[in-house]
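Accompanying notes for the structure given below.
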There are 2 protein chains.
Amino acid sequence: MIIQELKDASAAHWRNSIPHISIDSVVFGFLNNQLNVLLLKIKKDDNWILPGGYLQKDEAVDDAAKRILYERSGADKIFLNNFGVFGNLNRSEEYFKDYPDDLWHKQRFITIGYYALVDHTQVNPQPDIFSDRCEWVPVDPIPEMVMDHEIILKKALDTLREHISHKPIGYSLLPETFTLPELQALYEAILGEKLNRGNFYRKIMRYDILIKLDEQRKGGAYKSPNLYKFDEEKYKIALSGLNW
Amino acid sequence: MIIQELKDASAAHWRNSIPHISIDSVVFGFLNNQLNVLLLKIKKDDNWILPGGYLQKDEAVDDAAKRILYERSGADKIFLNNFGVFGNLNRSEEYFKDYPDDLWHKQRFITIGYYALVDHTQVNPQPDIFSDRCEWVPVDPIPEMVMDHEIILKKALDTLREHISHKPIGYSLLPETFTLPELQALYEAILGEKLNRGNFYRKIMRYDILIKLDEQRKGGAYKSPNLYKFDEEKYKIALSGLNW
């Protein structure tokens, strides 16, 4: 039963974790030409929940975010970005109101949001003990989620859209090599709108972060079959730069 | 004595506040053509400290940040932006290591960073019970600060520089009316570099957020004496927009 599992987990969390603080991860992947997010489905509930967890007493917050993502995805080289803190009253308390008073999960939690960009082919989604599914779900429309998780997802999406408008962060969402139309499709999926092809190419080329390969995309009728990869060195410089 | 003051405050915090969570504010102002930050000087210490505080049990995190800023500055209409969470091990513990074990301040704290942009003429800096000074201090060079507060200030400054490169957020740092050279001086102070005048004017005009007034700056020999103010409606639209 889910209650017994919660109670068992509760005792361990009281021993090992810092109270009142949780971490929730919004893991974005690019599948079927759509932006997707990695979500869990809780056994007793029809709604989705973000993968999350707690901060251990001997653990830095960034390390906790990495550990939690690794547990759910098996991925350990991940672009992780703290995009916000969600600390309204009753943001999570209502959800656990019928549970015993000493249950860990019933505290007031302030949650720290991280978003991650992953190449979905490198990820092996793992349900946790409270969930029976861990899956990629398209972000459009925003899935129905528990607590304030829809708000957290929307904030992560807004932050990602803002970041990708200024910085070449698409890198970790794609396989190692890609064509320019594939890169444009990624940007369109993130921004939720069609982009003018000429403007897009000019902006991407201005970042000066792509290396054109000798190979081309094989098979099919490709208009722009040239393959590219990111220049990691230049990419890092571009990431840290300001474009004033 | 500072220890007795800490002990008295400690008892009240254990009653009223959420453990392990603190809030630190980086309040930027524009004085003497320089970007300044509002800092406290602790009585027993020669280093500076960011104004900060704790989250009350019945208080949302954003409200706590507003309350703490109001207590230190008397300012209540402030552009506040959560720019990061600082949760490394021993980030604050070392500083209080010689104090009694049950002291509130001796816990491990994860601190939530907010930056604020204020018109310094609207601010009346107030020391707290542990400090004897609350002052504007130039950010260049970064002042010597306690704990990880230099890291927090640098992250706030990086975030502000990034934001002002994409969004017209200078609004709240300036008096209601200003000339274009004054606006450029603000941007240069924030970015820490000289800007080309023509490029700057073009970019600012492209935001389409300024209203040219009939008045001009009086007295002195001004090359560009025309006064402007921000168009609040257009400013809000520009703030929410993406510039892809």
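Each chain gets a letter, A, B and so on, in the order its sequence line appears, and its residues count up from 1. Just so you know, these numbers use all the heavy atoms, side chains as well, and skip hydrogens, waters and symmetry mates. Given the structure is predicted, the values throughout are model-derived calculations rather than measurements.
The environment of NZ in A/Lys229 is sparse: at most 12 heavy-atom neighbours from other residues, nucleotides or ligands sit within 6.0 Å. Within 6.0 Å of atom CG in A/Leu210, more than 12 heavy atoms from other residues, nucleotides or ligands are found, so the atom counts as buried in its surroundings.
Of the atoms belonging to B/Glu59, it is backbone heavy atoms, and not side-chain ones, that fall under 4.5 Å from chain A.
To the nearest 0.5 Å, the span separating CG on B/Asp58 from CG on A/Asn90 amounts to 11.0 Å. Atoms CG and CD1, on A/Asn82 and B/Ile112 in that order, are 9.5 Å from each other to the nearest 0.5 Å.
The two atoms that bring A/Leu55 and B/Ile110 nearest to each other are CD2-CD1, 3.7 Å, heavy atoms only. Shortest non-hydrogen contact noted between B/Lys57 and A/Arg108 is O-NH1, 3.1 Å.
The contact list for residues 17-31 of chain A toward chain B, using heavy atoms and a distance under 4.5 Å, reads A/Ile18, A/Pro19, A/His20, A/Ile21 by residue number.
A donor-acceptor pair is defined here as one N or O able to donate and one able to accept, closer than 3.5 Å; no such pair exists between the side chain of A/Asn88 and the backbone of B/Val61.
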